[in-house]
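To start, the structure under review is shown below, and the notes come after it.
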Amino acid sequence: MRKWLTVRCKLPQQRRFRLAIVDGFAGGGRYQCGAAGSPIIFIEELKSASEEVNAHRVVQGLEPVEIECLLVFNDANRDVINLLQRNVTPLLAGTSQNNPTLHLRVEYLHEIFEDAYPKIKNLLAKGRFRNVLFNLDQCGSSHVRQETICNIMHSYRHAEVFYTFMIDSLLAFLRKDQPEKLRKQLDHLGVCAVGIRESENSLSPRPWPVD
Ligand SMILES: C[S@@+](CC[C@H](N)C(=O)[O-])C[C@H]1O[C@@H](n2cnc3c(N)ncnc32)[C@H](O)[C@@H]1O
């Protein structure tokens with residue numbers, strides 16, 4: 001993401017870059033071992049990106065770019081969102097003190113992602129965001145409809161979707177001798193059985209070619 005931002009903030013005359021990051025299955029922000037979850041990783045990446053971009057611009061004698069980002073953190077579990085809020089608040093306070101060119105605003109939602117999507121679209125429309133990144137780190141493989149992904153891709157000028165999909169368990173579940181079960185599993189993704197079999201083949205370890 002840092003690389004993506006660096007590329008998007010390259011124009012010498014650019015003074016502002018606005019984007020929205022939607023973490024649809026955000027989690028609590030930190031695991032019990034202390035490791036950062038996706039919302040914290042996004043904030044840290046934004047901090048490093050704004051520092052990197054602007055340090056580079058200073059060397060080139062250019063004015064800094066102000067990065068304005070709306071972060072929408074959603075998780076179906078209200079307790080998880082409360083925990084996330086507790087983890088994120090001190091980080092945001094530090095950012096507004098130490099990163100004057102980075103402007104972050106956070107909206108928290110606690111809904112099933114598909115139910116929250118119309119609300120999220122409204123928030124993005126209100127803010128007139130054209131650069132959007134959706135992180136869809138779902139548990140399993142069926143919490144995001146294919147139409148929603150298509151809708152995201154068609155609704156914004158620059159849309160990126162990180163879509164997590166439990167391919168291993170799905171492939172284990174799929175029985176080649178049960179074509180109807182297979183079709184039902186894949187329907188919501190718009191993937192046909194032949195396509196998944198091809199990807200399964202490409203994922204299998206292949207013998208090393210021998211001359
Ligand atoms: C794999 S975890 C997310 C991990 C997080 N992205 C990270 O990197 O730390 C999935 C989260 O999605 C939430 N969840 C499960 N089903 C959901 C749904 N339909 N809509 C929104 N959130 C959901 C769970 O409460 C859980 O916190």
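Since we're looking at a predicted model, the values are computed, not measured. Counting starts at 1 for both ligands and their atoms, following the listed order.
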Polar-atom distance check: Ser38 versus ligand 1, any N or O pair below 3.5 Å? yes
Does Glu114 pair with Arg145 as a salt bridge, N-O distance under 4.0 Å? yes
N-O pairing of Arg2 and Glu52 below 4.0 Å: yes
Please say whether Asp137 places an N or O atom under 3.5 Å from an N or O atom belonging to ligand 1. yes
Within the 4.0 Å heavy-atom cut-off, what Asn74 brings close to ligand 1 is side chain
Closest protein heavy atom to atom 22 (N) of ligand 1, given as residue, atom name and distance to 0.1 Å: Ala76 N, 3.1 Å
Backbone, side chain, both or neither: what part of Glu114 comes under 4.0 angstrom of ligand 1, heavy atoms only? neither
re atom 20 (N) of ligand 1, the protein heavy-atom contact at minimum distance is Phe113 N, 2.8 Å
Min N/O separation Tyr31 to ligand 1 under 3.5 Å: yes
Within the 4.5 Å heavy-atom criterion, are Leu71 and Leu46 side-chain neighbours or not? yes
Is it true that Phe25 and Phe113 have ring centroids separated by less than 6.0 Å? yes
So, is Val80 polar-close to ligand 1, with some N/O to N/O distance under 3.5 Å? no
Answer yes if Ile67 and Val106 sit in the same cluster of Ile, Leu, Val, Met, Phe, Trp and Tyr residues linked by side chain heavy atoms under 4.5 Å apart, and no otherwise. yes
Ligand 1 to Ile112 polar contact by distance, N or O atoms, under 3.5 Å: no
Test your reading of the structure: does Pro39 have an N or O sitting under 3.5 Å from an N or O of ligand 1? no
min-distance protein heavy atom vs atom 10 (C) of ligand 1 -> Cys139 SG, 3.3 Å
Does Ala116 have a non-hydrogen atom less than 4.0 Å from ligand 1? no
